[in-house]
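Count residues from 1 along the sequence.
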Amino acid sequence: MSSTTEIDEVRDAGRPGETRPSRPAPRNEPPARSRKGWRLRLRQDRTLLIMCVPAVGLLAVFAYLPMLGNVIAWQDYSPYVGIANSQFVGWANFERVFTNPLFLDAVVNTLTITAFQLVFFFPVPIMLALFVNGLMTPWLRNVIQSVVYLPHFFSWVLVVTIFQQILGGAGLLNQELGKLGLGGFDMMTNPDTFLLLVTSQAVWKDAGWGMIIFLAALSTVNPEHYEAAALDGAGRWRRMWHVTLPAIRPTIILLLILRLGDSLTVGFEQLILQRGAVGAEVAEVIDTYVYYQGVVNGDWAFAAAAGLVKGLVSLLLVLGANKLAHLFGEAGVYKKA
């Protein structure tokens with residue numbers, strides 16, 4: 001009895017003297033989608049496109065259209081005559097920005113607050129996420145998540161008021177110290193502790209919100225990796241060091257790059273609310289300086305030039321941090337095709 005393979009061979013060989021037509025070679029056909037015209041694709045994706053129209057419209061009106069107003073940075077702008085009739089002065093406003101000592105002081109204050117918060121604020125959401133992720137009780141995990149990210153929804157006015165009621169001259173802490181016969185202190189008006197104060201406020205308000213991003217990254221870690229590490233004898237700390245942290249490293253790098261790009265924006269509302277109490281020497285940052293020069297003093301062209309300098313420096317920080325991420329093998333914010 002012939003096997004199935006032998007039968008197939010005979011069938012493929014055909015009868016003697018018969019020429020079997022060769023099978024046509026497969027053609028390199030383009031994908032079906034590429035053959036479709038742009039009108040057909042537009043018709044197919046019309047629902048998604050209609051959904052995107054409001055977002056694109058808002059972005060164009062409130063983000064890109066106002067960029068045209070930056071032209072006043074090269075003018076001796078006056079709101080009474082408008083952009084069309086204001087005198088063109090070239091780079092004079094930028095020269096004033098770079099030679100103004102008050103602006104340079106604002107840059108120093110901004111960079112100081114940014115560096116301090118990068119060291120003492122940025123790791124807090126990561127540590128919170130690792131702590132919450134390690135909890136075995138689901139209800140306790142949910143309670144802690146809810147409690148720590150609730151302050152994110154408070155306004156800066158409410159946050160500063162709460163700190164005033166606790167750490168101010170007549171706050172709860174001073175009252176308790178007074179009952180114990182100890183001397184009190186007013187942290188809300190002390191320039192020496194202002195850096196610690198604004199960082200504490202930022203941690204209390206936004207650390208829980210940042211924790212959610214890292215918890216989402218931790219949820220993608222394969223549990224089999226922990227089981228394999230445990231079988232190899234790795235303890236809790238070694239599993240965190242060799243499994244958890246490498247898994248969330250791309251997220252840490254990405255958020256660090258975004259933080260560097262936003263480093264010159266350290267919280268306009270938070271600082272302008274407390275600037276009068278501690279003084280402009282420590283609380284004046286680029287945003288508050290631009291506000292006082294442009295809106296309060298009416299020097300719109302100078303404020304626009306200072307704002308453009310800030311945006312340019314932020315862009316350079318993002319590009320530099322992204323380049324460093326590529327050098328260390330991470331994807332960063334974007335990657336060249």
From Leu104 atom CG to Phe98 atom CZ, the distance as rounded to the nearest 0.5 Å: 9.0 Å
Throw together a table of side-chain donor-acceptor distances under 3.5 angstrom for residues 221-237, partners on residues two or more places apart or in other chains.
from   : atom 1 : to     : atom 2 : distance (Å)
Asn222 : OD1    : Glu224 : N      : 3.1
Tyr226 : OH     : Thr244 : OG1    : 2.7

Same cluster (ILVMFWY, side-chain, under 4.5 Å), Leu312 and Val108: no
same_hphob_cluster(Ile126, Val243) at 4.5 Å side-chain heavy-atom cutoff: no
Heavy-atom closest contact (Asn109 atom, Glu281 atom, distance): ND2-O, 3.1 Å
Heavy-atom pair of closest approach, residues Tyr289 and Ala106: CB-CB, 4.1 Å
For Arg238, salt bridge (Lys or Arg N to Asp or Glu O under 4.0 Å) partners two or more places apart: none
Shortest non-hydrogen contact from Lys205 toward Ser155: CE-C, 4.4 Å
Heavy-atom side-chain proximity of Leu118 to Arg259 below 4.5 angstrom: yes
Heavy-atom side-chain proximity of Tyr77 to Val71 below 4.5 angstrom: no
Asp299 vs Arg96 side-chain heavy atoms within contact, under 4.5 Å: yes
Contact check, side chains of Lys310 and Thr110, non-hydrogen atoms, under 4.5 Å: no
Close side-chain approach of Leu130 and Phe214, heavy atoms under 4.5 Å: no
Residues, nucleotides or ligands: over 12 heavy atoms within 6.0 Å of Met51 CE: no
Heavy-atom closest contact (Asn93 atom, Ala305 atom, distance): CB-CB, 3.9 Å
Where Pro125 and Ala207 come nearest, the two heavy atoms and their spacing: CB-O, 3.7 Å
Backbone of Val198 reached by a side-chain donor or acceptor of Gln270 within 3.5 Å: yes
Least distance between heavy atoms, Gln75 atom then Ile83 atom: NE2-O, 3.0 Å
Hphob cluster co-occupancy, Val285 + Val296, side-chain heavy atoms under 4.5 angstrom: no
Backbone of Leu196 reached by a side-chain donor or acceptor of Thr199 within 3.5 Å: no
